[in-house]
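Below: the structure, in structure tokens.
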2 protein chains.
Amino acid sequence: MKIGEVAKAAQCSVETIRYYEREGLLPLAARTASNYRAYGTEHLDRLRFIRNCRALDMTHGEIRLLLDTMAEAAPSCGGIDQVIDAHIDHVVLRISELQQLKTQLLALRQRCQRDSTLDQCGILQGLAEMDEDARSVVRHTHLG
Amino acid sequence: MKIGEVAKAAQCSVETIRYYEREGLLPLAARTASNYRAYGTEHLDRLRFIRNCRALDMTHGEIRLLLDTMAEAAPSCGGIDQVIDAHIDHVVLRISELQQLKTQLLALRQRCQRDSTLDQCGILQGLAEMDEDARSVVRHTHLG
DNA sequence: CTTGACCCTACAGTCACTTCAGGGTGTGTA
DNA sequence: TACACACCCTGAAGTGACTGTAGGGTCAAG
């Protein structure tokens with residue numbers, strides 16, 4: 001397969017595949033006489049695996065951990081579990097962060113009576129005055 | 001005030017302040033004879049405003065919109081509302097994306113009986129086989 | 001006169017890509 | 001045969017919001 005076919009099959013861009021190769025997530029592909037990358041199904045399988053992990057918002061580091069564990073001589077399932085469990089923790093934490101954010105934003109939004117002038121705007125006052133408690137809701141995971 | 005004092009007062013790093021200046025979020029500061037930046041309270045107020053917006057995960061673009069609206073000749077509250085409303089939409093959307101992710105990850109995690117060998121690992125099978133429906137949960141906001 | 005805390009600039013690195021510039025290859029049609 | 005057009009290649013720069021580093025200058029205390 002050429003890179004474009006693989007990209008279509010894995011639903012990602014050609015550039016992403018070349019990027020994964022540079023990053024070492026995908027092995028170097030064989031080349032045709034005209035220097036085009038030539039892929040087999042094992043490449044496609046690995047790429048699909050990676051894209052599925054990315055769809056679950058895993059980082060390249062997490063994915064590398066999974067791929068490395070799979071490549072071990074006598075691997076067991078424990079390492080895989082740990083990666084997934086840690087990732088679930090990230091997701092759960094980020095959800096609670098965003099829920100706090102939402103609460104704060106809705107409170108801020110409430111402070112506005114549309115059509116008041118700017119110097120009476122409760123939103124701007126709120127944004128100028130937020131205290132430490134409110135500010136302390138910040139990202140602690142790799143998830144946005 | 002020198003940059004370090006302002007940083008402490010606004011709870012951010014000195015580097016962040018210099019970065020905001022480069023980005024145009026903060027105006028250029030006056031300089032002392034020894035080329036140190038010299039700040040007044042109006043800089044600190046503006047920086048606090050920016051940091052509070054960032055604590056709510058607004059982008060620099062959103063913050064710029066707010067700052068620009070505030071600087072208008074005869075501004076009203078409507079523009080401010082719109083920025084906040086749009087941002088609330090981003091947060092709500094991202095929460096639902098992450099909740100779908102969490103559901104998928106928990107389902108994946110269920111598939112593992114610890115201590116099975118790798119080729120029986122349900123997690124890895126799941127990651128290899130995920131279908132389009134599952135994959136379609138992807139980021140549509142600037143929030144991670 | 002030296003130590004240490006602070007300040008300065010300019011640049012590279014982070015993450016997971018995307019975009020761009022400037023080329024080569026391969027197939028179908030006029 | 002000439003050309004268009006879709007595809008491929010490399011290398012480098014851009015994204016966002018910073019963080020970190022290298023290599024220097026300033027200033028007050030001991």
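Naming convention: chains lettered A, B, ... in sequence-line order (proteins, then strands); numbering from 1 in each chain.
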Spell out, as yes or no, whether a donor-acceptor pair under 3.5 Å connects the side chain of A/Gln104 to the backbone of A/Leu101.
no
For A/Leu56, does its backbone N or O pair with a side-chain atom of A/His87 as donor and acceptor, under 3.5 Å?
yes
Testing the basics here: between B/Gly4 and B/Val14, what is the closest heavy-atom pair and its distance to 0.1 Å?
CA-CG2, 4.0 Å
What's the shortest heavy-atom distance between B/Lys2 and B/Tyr39, and which atoms?
C-CD1, 4.3 Å
Side-chain ion pair, [X] and [Y], N-O less than 4.0 Å:
X: B/Arg94; Y: B/Glu97; answer: yes
X: B/Asp89; Y: A/Arg109; answer: no
X: B/Arg18; Y: B/Glu21; answer: no

Nucleic acid contacts - residues 36-45 of chain A versus DNA chain C, non-hydrogen atoms under 4.0 Å:
A/Tyr36
First and last nucleotide of DNA chain C touching chain A, 5' to 3', heavy-atom cut-off 4.0 Å?
C/dA16 to C/dG26
Sole residue of B/Arg46, B/Glu15, B/Arg51 in side-chain hydrogen bond (donor to acceptor under 3.5 Å, both in side chains) with B/Tyr20
B/Arg51
Within the 4.5 Å heavy-atom criterion, are A/Thr59 and A/His90 side-chain neighbours or not?
no
Any chance you could list the contact pattern along nucleotides 12-21 of chain D? Use B for base contacts, S for sugar-phosphate-only contacts and - for none, protein heavy atoms under 4.0 Å, 5' to 3'.
-----BBS--
